[in-house]
Amino acid sequence: MSGIEDEKTPKQTNTGVTPVSIEQQCFDKNWILQLNQQEQFEHVICFICKQVANSPIEISCPQHKDIDESTIVGENCLKQFLKTNSNSCPIQPHENIEYVRCAALQRSVGVLKVICPLQFQRESEGQNQINEGIVCDFKGKIKDLNDHLNNVCPLKISNCWYKPFGCEYNCYKYKLNDHLSSEFKFHFDLVVKFIQTLQ
């Protein structure tokens, strides 16, 4: 059995099958179809969840080498399957599963073009006009999503910097400075209270 955790490969960003949790779950085909043709990704469909495999892994057990369909699974889907099925193979029931990470397939998934996953989620839930008309117009490659979501996405919700001290406020990232400056005294009091509890 291969050790998935042992390999140090950069991961994409954070989930069932939604495009937002790209660090873990496979990618929603409907999200991928927004800017791609099905032929571009049909070779990387996860055998387990039937979505576009995130961190594709090829099941390479000799027991099913003659199977015509793809034996690709997403890394998180495989981990979950192995956890609940005590090391059995998801392709055919047998023990001692063999698998290998597919760097070439990961590159082909990484270059698929997508819209912002937060914008897609809002549109899917019918919330396009809600929340002050804020829209994210990101259209880029899956491999660039971490940077987009962590640094520039206007739809990203950020926690207050003082959350460790007890402030539960969260807002769109671009509004955080307004909160920090308008609640200076509140945050100062939280820090003072925290220091007093430490003493």
Side-chain angles (χ1 to χ4, degrees), residues 4-36 49 51-56 74-77 79-80 83 106-107 109-199:
I4 296 173
E5 291 84 12
D6 296 340
E7 298 203 22
K8 303 271 187 212
T9 55
K11 292 191 177 187
Q12 307 304 312
T13 312
N14 327 129
T15 117
V17 178
T18 69
V20 178
S21 6
I22 65 176
E23 288 182 348
Q24 296 178 5
Q25 303 298 329
C26 290
F27 302 120
D28 186 330
K29 283 193 288 190
N30 293 322
W31 176 55
I32 302 291
L33 279 169
Q34 298 282 311
L35 298 177
N36 301 278
C49 72
Q51 301 297 324
V52 178
N54 185 4
S55 298
E75 179 177 346
N76 192 59
C77 283
K79 285 179 185 178
Q80 295 303 316
K83 189 185 293 184
Q106 179 60 40
R107 284 191 292 278
V109 170
V111 298
L112 291 171
K113 290 189 178 172
V114 291
I115 65 171
C116 173
L118 298 175
Q119 181 66 36
F120 175 76
Q121 185 175 36
R122 288 177 70 199
E123 291 172 4
S124 298
E125 295 169 357
Q127 298 180 3
N128 206 19
Q129 302 304 319
I130 302 175
N131 296 328
E132 304 170 28
I134 301 167
V135 175
C136 180
D137 59 1
F138 173 84
K139 290 182 181 171
K141 298 175 180 177
I142 288 178
K143 67 180 182 175
D144 299 327
L145 276 174
N146 265 342
D147 183 57
H148 166 71
L149 291 171
N150 291 329
N151 299 314
V152 296
C153 183
L155 298 176
K156 171 95 185 241
I157 300 293
S158 295
N159 289 320
C160 176
W161 294 352
Y162 293 89
K163 183 173 182 161
F165 301 100
C167 183
E168 297 298 323
Y169 186 82
N170 60 33
C171 62
Y172 289 115
K173 191 173 184 175
Y174 79 94
K175 293 180 124 189
L176 188 57
N177 283 337
D178 293 342
H179 166 73
L180 293 171
S181 60
S182 68
E183 297 296 331
F184 179 79
K185 181 174 178 356
F186 172 69
H187 293 140
F188 179 79
D189 292 342
L190 284 175
V191 172
V192 168
K193 185 177 177 182
F194 180 78
I195 291 171
Q196 289 172 343
T197 58
L198 291 177
Q199 295 172 346

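Because the structure is a prediction, the values reported are computed rather than measured.
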Atom pair CG (Asp147) and SG (Cys153), whose distance is rounded to the nearest 0.5 Å: 11.5 Å
Spatial distance of atom CG (Asn170) from atom CD (Glu168) [nearest 0.5 Å]: 8.5 Å
Any donor-acceptor N/O pair, Lys173 side chain to Asn150 backbone, under 3.5 Å: yes
Ring geometry between Phe184 and Phe188 (parallel below 30°, tilted from 30 to 60°, perpendicular above 60°): parallel
Between CG on residue Leu176 and OH on residue Tyr169, distance to nearest 0.5 Å: 8.0 Å
Side chain to side chain contact (heavy atoms under 4.5 Å, CB included) assessment of Phe120 paired with Gln34: CA-CA 9 Å; Phe120 175 76; Gln34 298 282 311; 3.6 Å; yes
Closest contact, heavy atoms only, Cys116 versus His148: SG-NE2, 3.5 Å
Cys26 SG to Glu75 CD distance, which is reported to the nearest 0.5 Å: 10.0 Å
Worked verdict on Leu112 versus Phe27 for side chain to side chain contact (heavy atoms under 4.5 Å, CB included): CA-CA 11 Å; Leu112 291 171; Phe27 302 120; over 6 Å; no
Candidate pair Val52 and Trp31, rule side chain to side chain contact (heavy atoms under 4.5 Å, CB included), full reasoning: CA-CA 10 Å; Val52 178; Trp31 176 55; over 6 Å; no
Side-chain (Asn36) to main-chain (Lys113) donor-acceptor, under 3.5 angstrom: yes
Heavy-atom donor-acceptor pair, Gln119 side chain to Cys136 backbone, under 3.5 Å: yes
Close side-chain approach of Pro117 to Leu149, heavy-atom, < 4.5 Å: yes
Approximate separation, where rounding is to 0.5 Å, of Ser158 OG and His179 NE2: 11.0 Å
Within-4.5 Å side-chain heavy-atom neighbours: Ile32 and Val109: no
Closest non-hydrogen atom pair, Val114 against Leu145: CG2-CD1, 4.1 Å
Short N-O contact, Asp189 and Lys185, less than 4.0 angstrom: yes
Phe165 and Phe194 aromatic ring geometry - parallel, tilted or perpendicular at 30°/60° bounds: perpendicular
Any Leu155 side-chain heavy atom under 4.5 Å of Gln121 side chain: no
Pairwise side-chain contact, His187 with Leu190, heavy-atom cut-off 4.5 Å (strictly under): yes
Test item: Asn54 side-chain N/O and Gln25 main-chain N/O as donor-acceptor pair under 3.5 Å: yes
Sub-4.5 Å side-chain heavy-atom contact between Phe138 and Leu118: no
